[in-house]
Amino acid sequence: AMKINQDTVLRGKKVTLVPYTAAHVPRYHEWMQSEELQRLTASEPLSLEQEYEMQRSWRDDADKCTFIVLESGRWPGQAEENSMVGDVNLFLTNAEDPTVGEIEIMIAEPSCRGRGFGKEATLMMMAYGVRKLGITKFEAKIGQENVASICMFKKLHFKEVAVNSIFQEVTLRLDVSDQERQWLLEQTNHVEEKSYAELKQPAGVLDT
């Protein structure tokens, strides 16, 4: 099962990736009430209870890997719920080819968009996928109207390979050659991997 990242924190300059836990669900649920986000992520609004079930499936499913994106400047220090800016996911949807990962990024906090958070989170997730999950091909499926996201993936060397006019969706793809792998690891060589259990210790516990 995809519990590989349940104690993994990836700390970058702008964003920090932490495992999606039940504690994140209320804020996540609040985000997903937004019609704009429902449209951009092609998702239906769920009840809070359904969102908790979804979080459990994210944690337990073998073909999904997900992190919540926190703002590095806020966490650790502030409560995680107040530091959340979005999420990033990898789906291993191709049963024939376990080296294909479909990547999704959502920067849900409007004030955090256009600041490079999505780009760093995506690079960090891709490097994690390459190093830890054996991914050699990435795909991203993005709504045609989501121009900012399409541009971002193109900057990360993805190429447009298909347009689905029925779903109004663009599929972008990146094959991770040795050169791409090298580039990806260079782009993320500042990222530190830490233990979630250690970082989320409440303040004061260690000061005895």
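Residues take their numbers from the sequence shown, with the count starting at 1. The analysis underlying the following values was restricted to heavy atoms, covering all of them including side chains, and did not include hydrogens, waters or symmetry mates.
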Legend entry - E44, CD atom: more than 12 neighbouring heavy atoms under 6.0 Å: no

Donor-acceptor pairs are to be reported for all side-chain atoms of residues 121-132 against protein atoms at under 3.5 Å, with residues two or more places apart or in another chain.
| unit_1 | atom_1 | unit_2 | atom_2 | d |
| --- | --- | --- | --- | --- |
| T122 | OG1 | G118 | O | 2.7 |
| K132 | NZ | E193 | OE1 | 3.4 |

Inset, instruction - Flag yes if V176 and L133 sit in one hydrophobic cluster, no otherwise; membership is Ile, Leu, Val, Met, Phe, Trp, Tyr, and two members link when side-chain heavy atoms are under 4.5 Å apart. - result: yes

Legend entry - Residues E71, K13: salt bridge by 4.0 Å N-O rule: no

Legend entry - Intermediate values then yes/no, side chain to side chain contact (heavy atoms under 4.5 Å, CB included), M32 and E51: CA-CA 10 Å; M32 296 317 291; E51 207 72 76; 4.3 Å; yes

Inset, instruction - Establish, from distance only, whether the side-chain atoms of Q179 and H157 form a donor-acceptor pair under 3.5 Å. - result: no

Legend entry - Verdict with reasoning, H190 to R11, per side chain to side chain contact (heavy atoms under 4.5 Å, CB included): CA-CA 8 Å; H190 63 285; R11 189 154 179 80; over 6 Å; no

Inset, instruction - Look at the rings of F153 and F158 and say which category their plane angle falls in: under 30° parallel, 30 to 60° tilted, over 60° perpendicular. - result: perpendicular

Inset, instruction - Examine distances only and state if a side-chain atom of D61 and a backbone atom of D63 form a donor-acceptor pair shorter than 3.5 Å. - result: no

Inset, instruction - Determine whether F167 and L172 fall in the same hydrophobic cluster, where Ile, Leu, Val, Met, Phe, Trp and Tyr are linked whenever their side-chain heavy atoms lie under 4.5 Å apart. - result: no

Inset, instruction - State whether a side-chain donor-acceptor pair under 3.5 Å links H24 with E81. - result: no

Inset, instruction - Following the transitive rule for hydrophobic clusters with a side-chain heavy-atom cut-off under 4.5 Å over Ile, Leu, Val, Met, Phe, Trp and Tyr, establish whether I4 and F138 coincide in one cluster. - result: yes

Inset, instruction - Search all heavy atoms of Q6 against all heavy atoms of Y196 and return the closest pair with its distance. - result: O-CD2, 4.1 Å

Inset, instruction - State whether the side chain of D97 and the backbone N or O of T99 hold a donor-acceptor pair below 3.5 Å, judged by distance alone. - result: yes

Inset, instruction - Without swapping roles, check the side chain of N89 against the backbone of I103 for a donor-acceptor pair under 3.5 Å. - result: no

Inset, instruction - Please say whether more than 12 non-hydrogen atoms of neighbouring residues, nucleotides or ligands are located less than 6.0 Å from NZ in K137. - result: yes

Inset, instruction - Would you check if the side chain of S57 reaches a backbone N or O of M54 as a donor-acceptor pair within less than 3.5 Å? - result: yes

Inset, instruction - Considering only NZ, NE, NH1 and NH2 on the basic side and carboxylate oxygens on the acidic side, decide whether R27 and E109 come within less than 4.0 Å. - result: yes

Legend entry - Hydrophobic cluster membership, L48 vs W31, 4.5 Å side-chain cutoff: yes

Legend entry - Salt bridge present between K141 and E102 (N-O < 4.0 angstrom): yes

Inset, instruction - Under the side chain to side chain contact (heavy atoms under 4.5 Å, CB included) rule, what do H29 and Q55 come out as? Steps first, then yes or no, please. - result: CA-CA 10 Å; H29 179 250; Q55 181 270 327; over 6 Å; no

Legend entry - Single-linkage hydrophobic cluster, 4.5 Å side-chain cutoff, L199 and V18 together: yes

Legend entry - Enclosure of Q50 CD (heavy-atom neighbours >12, cutoff 6.0 Å): yes

Inset, instruction - For D178, look at atom CG and say whether over 12 heavy atoms of other residues, nucleotides or ligands are found less than 6.0 Å away. - result: no

Inset, instruction - Determine whether the side chains of D87 and Y20 contain a donor N or O and an acceptor N or O closer than 3.5 Å. - result: no

Inset, instruction - Could you give me the CA-CA distance, side-chain angles and deciding distance for V88 and E104, then say whether side chain to side chain contact (heavy atoms under 4.5 Å, CB included) is met? - result: CA-CA 6 Å; V88 62; E104 263 186 9; over 6 Å; no

Legend entry - Test: R39 and E145 ion pair at under 4.0 Å: yes

Legend entry - Criterion side chain to side chain contact (heavy atoms under 4.5 Å, CB included) against V15, the qualifying member of V69, V191, L70: V69

Inset, instruction - Look only at the side chain of N164 and the backbone of V170, and say whether a donor-acceptor pair between them is shorter than 3.5 Å. - result: no

